[in-house]
Amino acid sequence: EENLKEPDPVLISDSLTMLNSAMEEYDVDAADEIIRQLSEFRYTQEVRKVFMEMSAAVKNLDADGVEGCVETMRGYLEV
């Protein structure tokens, strides 16, 4: 937890956009890498819960689930 970075809303927002694109293109490696990068940030408990759901959706190749989580995370980021 102490090694996590403070969230950068713009960087996270850009990563979420890339994640949606990767899922649409079935680019699992890119999606996994984006999830890895996003996991390095410190989130509130609510955002962490959504992040975990989004991570599971990526593993399950659930593009619709990822898209829903991305929209929820954007709401928390207020970018």
Side-chain angles (χ1 to χ4, degrees):
E1 181 83 14
E2 59 274 351
N3 293 334
L4 298 176
K5 298 185 260 186
E6 285 301 312
D8 177 336
V10 174
L11 181 62
I12 293 171
S13 180
D14 288 348
S15 295
L16 292 172
T17 298
M18 290 187 297
L19 181 60
N20 266 343
S21 295
M23 290 301 290
E24 288 170 10
E25 296 165 11
Y26 299 102
D27 189 343
V28 179
D29 291 337
D32 286 343
E33 176 62 17
I34 293 164
I35 287 292
R36 189 194 64 72
Q37 291 170 359
L38 288 172
S39 73
E40 296 176 354
F41 291 103
R42 181 180 300 115
Y43 299 112
T44 64
Q45 190 170 353
E46 296 123 352
V47 177
R48 173 67 54 190
K49 183 174 181 275
V50 176
F51 174 78
M52 297 308 287
E53 289 173 19
M54 186 169 65
S55 181
V58 167
K59 284 185 178 63
N60 293 326
L61 304 179
D62 177 2
D64 291 337
V66 170
E67 190 173 345
C69 291
V70 163
E71 292 310 311
T72 303
M73 282 193 70
R74 283 192 196 285
Y76 284 122
L77 292 172
E78 299 176 2
V79 174

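Of all the heavy atoms in Phe41 and Arg48, the pair that sits closest is O-NH2, 2.9 Å. When all heavy atoms of Ile35 and Ser55 are compared, the closest pair comes out as CG2-OG, 3.6 Å. For the residue pair Leu19 and Ile34, the shortest heavy atom distance occurs at N-CD1, 3.6 Å. Here the closest non-hydrogen pair linking Cys69 and Val50 is O-CG1, 3.6 Å. Here the closest heavy-atom approach between residue Ile12 and residue Pro7 is recorded as CD1-CB, 3.8 Å. Between Leu4 and Ser39, the shortest heavy-atom distance links the atoms CD2-O, 3.5 Å.
Between the CD atom in Gln37 and the CG atom in Asp14 there is a gap of 11.5 Å [rounded to 0.5 Å]. Taking OG1 from Thr72 and CD from Glu53, the interatomic distance works out to 8.0 Å, rounded to the nearest 0.5 Å. For the atom pair CD of Glu33 and CG of Asp29, the computed distance is 9.5 Å after rounding to the nearest 0.5 Å.
Side-chain heavy atoms closer than 4.5 Å link hydrophobic residues (I, L, V, M, F, W, Y) into clusters, and following such links, even through other members, never connects Met54 to Leu61.
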(message) Pair Asp32, Val28 - check side chain to side chain contact (heavy atoms under 4.5 Å, CB included), show working.
(response) CA-CA 6 Å; Asp32 286 343; Val28 179; 3.7 Å; yes
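Judged by distance alone, with hydrogens and angles left aside, the side-chain atoms of Asp8 form a donor-acceptor pair with the main-chain N or O of Val10 at under 3.5 Å.
For the pair Lys49 and Glu46, the salt-bridge criterion is not met [side-chain N within less than 4.0 Å of a carboxylate O].
Two residues are said to be in side-chain contact when any heavy atoms from C-beta on lie closer than 4.5 Å; Leu77 and Leu16 meet this criterion.
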